[in-house]
Amino acid sequence: MCFKQMDNSKKKFERECREAEKAQQTYERLDNDTNATKSDVEKAKQQLNIRTHMADESKNEYAAQLQNFNAEQHKHFYIVIPQVYKHLQEMDERRTIKLSECYRGFADAERKVIPIISKCLEGMVHAAKSVDERRDSQIVVDCFKSGFEPPTDYPFEDYSQHIYRTVSDGTISSAPKQDSVRADKVTVGKAKGKLWLFGKKPKGPALEDFSHLPPEQRRKRLQQKIDELNRELQKETDQKDALNKMKDVYEKNPQMGDPSSLHPKIAETTGNIERLRMEIHKNEAWLSEVEGKVSQRAERRHSVEANHLVAQGRESPEGSYTEDTNQEIRVQHHPHGHSEFDDEFDDDEPLPAIGHCKAIYPFDGNNEGTLSMKEGDIMYIIEEDKGDGWTRARKQNGDEGYVPTSYIDITLEKNSKGS
């Protein structure tokens, strides 16, 4: 800015000097001309004095701007810039000190953790030596037994009964055929609900209230459905308002249209609004029920001790190692008709951890079902991201909820079965 002002004053001074020179040449020419009148000479002299005075003012202004620019330039290169470089140097020195402290702390932590790693490796070697492959394979067989009965022999079907009316004692009767076929049908009917080896249960149709989903997933789906119904209700309400306005216009101006032609459409829109309101009320009732259950579960899980939060690997009765934490529950008979889904989401015991994570960024967790965390917090993973960008985690004090997947660094256990 100072350079621009100095340059402008310099150009102005140069321009005024040229104008003063032209005025002086004009005055000298008229003064030497014998034909020039006295008034012309006086006018030229006055113009010369004016131009000379303006040139002197421009000269003073240019000198002041030049002095100001030189002062600012000296301040910039000899005071401001050296201070900036000095501050950068001090900041780099502080960074170097922090790096040295970090390396020293890393080395100390590594030195402390080496005995723990050695102990863990010894435990892994001991567990590997105690594996009983026969016992583990028998556990797999017992877990995935189908329960099918071997098929019976096909009976002989005698089509000659209508030809020979007299049947000897040695003739094979077809009476056992019906019993055998009926027995086969009963056996096959019972086997429809069984599992083939390493198979999975067929999924049933989705229920209207999403009761087949876990509580947190059910709450999210119900909330999404309520939002969709509210959007549809708003759309129908706007359409009804538009139809009513159109009806008023037709009543005031009959030449534009018949108001009675809009009655069916208005009635249909009113019916849709009532239906949507009933759907919203019904889903809100389900949502309040789910939120009450979720809050009860959170209160109960606050009282669970920290040592029950880590999912440990189990050993078979004779010392053989198995990685399935829910094995004992699955192979037992369920006399009360509880499904595997009910056992998996039982509120009495916390869900097993399938890995751990570290918070990269802080998260407030103000919404219902979310979990607050600070940067650097270590938590257990109890349910992976289902594609909606949220992961279910649990803190060491028992609090659990959903956190953004992009906010954490996840490490899953290789031997885990998942939630």
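Heads up: numbering here begins at 1 and tracks the sequence.
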Any heavy-atom pair between the side chains of [Y] and [X] that's under 4.5 Å?
X      : Y      : answer
Gln217 : Lys386 : yes
Ile139 : Arg135 : yes
Ile114 : Ser118 : yes
Ile381 : Ile408 : yes
Gln47  : Thr26  : no

Not counting sequence neighbours, list each pair that qualifies as a salt bridge (Lys or Arg N to Asp or Glu O under 4.0 Å) and has a residue in [range].
range            : answer
residues 107-127 : Asp108-Arg111
residues 221-237 : none
residues 60-76   : Lys12-Glu61

>> Asn8: which residues meet the side-chain contact (heavy atoms from CB on, under 4.5 Å) condition with it, sequence neighbours left out?
In response: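 With sequence neighbours excluded, Asn8 shows a side-chain contact (heavy atoms from CB on, under 4.5 Å) to Lys4, given in chain and number order.
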
>> Applying side-chain contact (heavy atoms from CB on, under 4.5 Å), can you list everything that pairs with Gln138, at least two apart in sequence or on another chain?
In response: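 In terms of side-chain contact (heavy atoms from CB on, under 4.5 Å), with neighbours along the sequence ignored, Gln138 is linked to Val141, Asp142.
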
Taking only distance into account, with no hydrogens and no angle test, what donor-acceptor pairs under 3.5 Å do side-chain atoms of residues 248-257 form with protein atoms, sequence neighbours excluded?
none

Of all heavy-atom pairs between [X] and [Y], which one has the smallest distance, and what is that distance?
X      : Y      : value
Ala20  : Arg51  : CA-CB, 3.6 Å
Asp385 : Gly387 : OD1-N, 2.9 Å
Met373 : Val403 : SD-CG1, 4.1 Å
Ile382 : Leu351 : CG2-O, 3.9 Å
Tyr380 : Ala353 : CB-CB, 4.0 Å

[X] side, atom [atom1]; [Y] side, atom [atom2] - distance, nearest 0.5 Å:
X      : Y      : atom1 : atom2 : answer
Leu48  : Glu19  : CG    : CD    : 12.0 Å
Arg218 : Leu287 : CZ    : CG    : 9.0 Å
Asp238 : Leu233 : CG    : CG    : 9.5 Å
Gln224 : Arg219 : CD    : CZ    : 10.0 Å
Arg392 : Glu384 : CZ    : CD    : 13.5 Å
Asp7   : Gln5   : CG    : CD    : 11.0 Å

> Does the side chain to side chain contact (heavy atoms under 4.5 Å, CB included) test come out yes or no for Asp136 and Val140, once each step is laid out?
Replying inline: CA-CA 6 Å; Asp136 288 351; Val140 175; 5.8 Å; no

Any residue meeting side chain to side chain donor-acceptor pair (under 3.5 Å) with [X], in chain and number order, not counting sequence neighbours:
X      : answer
Asp56  : none
Asn60  : none
Arg104 : none
Tyr62  : none

Is a donor on one side and an acceptor on the other found under 3.5 Å between the side chain of [X] and the backbone of [Y]?
X      : Y      : answer
Lys395 : Ser372 : yes
Asn68  : Ala64  : no
Thr370 : Gly365 : yes
Thr405 : Gly389 : yes

>> Going by side chain to side chain donor-acceptor pair (under 3.5 Å), name the pairs with one or both residues in residues 83-94, residues two or more places apart or in two chains.
In response: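 Non-adjacent pairs meeting side chain to side chain donor-acceptor pair (under 3.5 Å): Asp92-Arg95.
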
> Which residue pairs satisfy the side chain to side chain donor-acceptor pair (under 3.5 Å) criterion with at least one member in residues 261-286, sequence neighbours excluded?
Replying inline: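 Sorted pair list: Glu208-Lys282, Lys247-His263.
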
>> Could you check whether atom CD of Gln67 has more than 12 heavy atoms from other residues, nucleotides or ligands sitting under 6.0 Å from it?
In response: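 No, not enclosed.
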
> Around Tyr407, counting heavy atoms of other residues, nucleotides and ligands shown, do more than 12 lie under 6.0 Å from its OH?
Replying inline: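 Result for OH/Tyr407: open.
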
>> If you apply the rule side chain to side chain contact (heavy atoms under 4.5 Å, CB included), what do you find for Glu383 with Trp390, and how did you get there?
In response: CA-CA 9 Å; Glu383 185 177 335; Trp390 294 89; over 6 Å; no

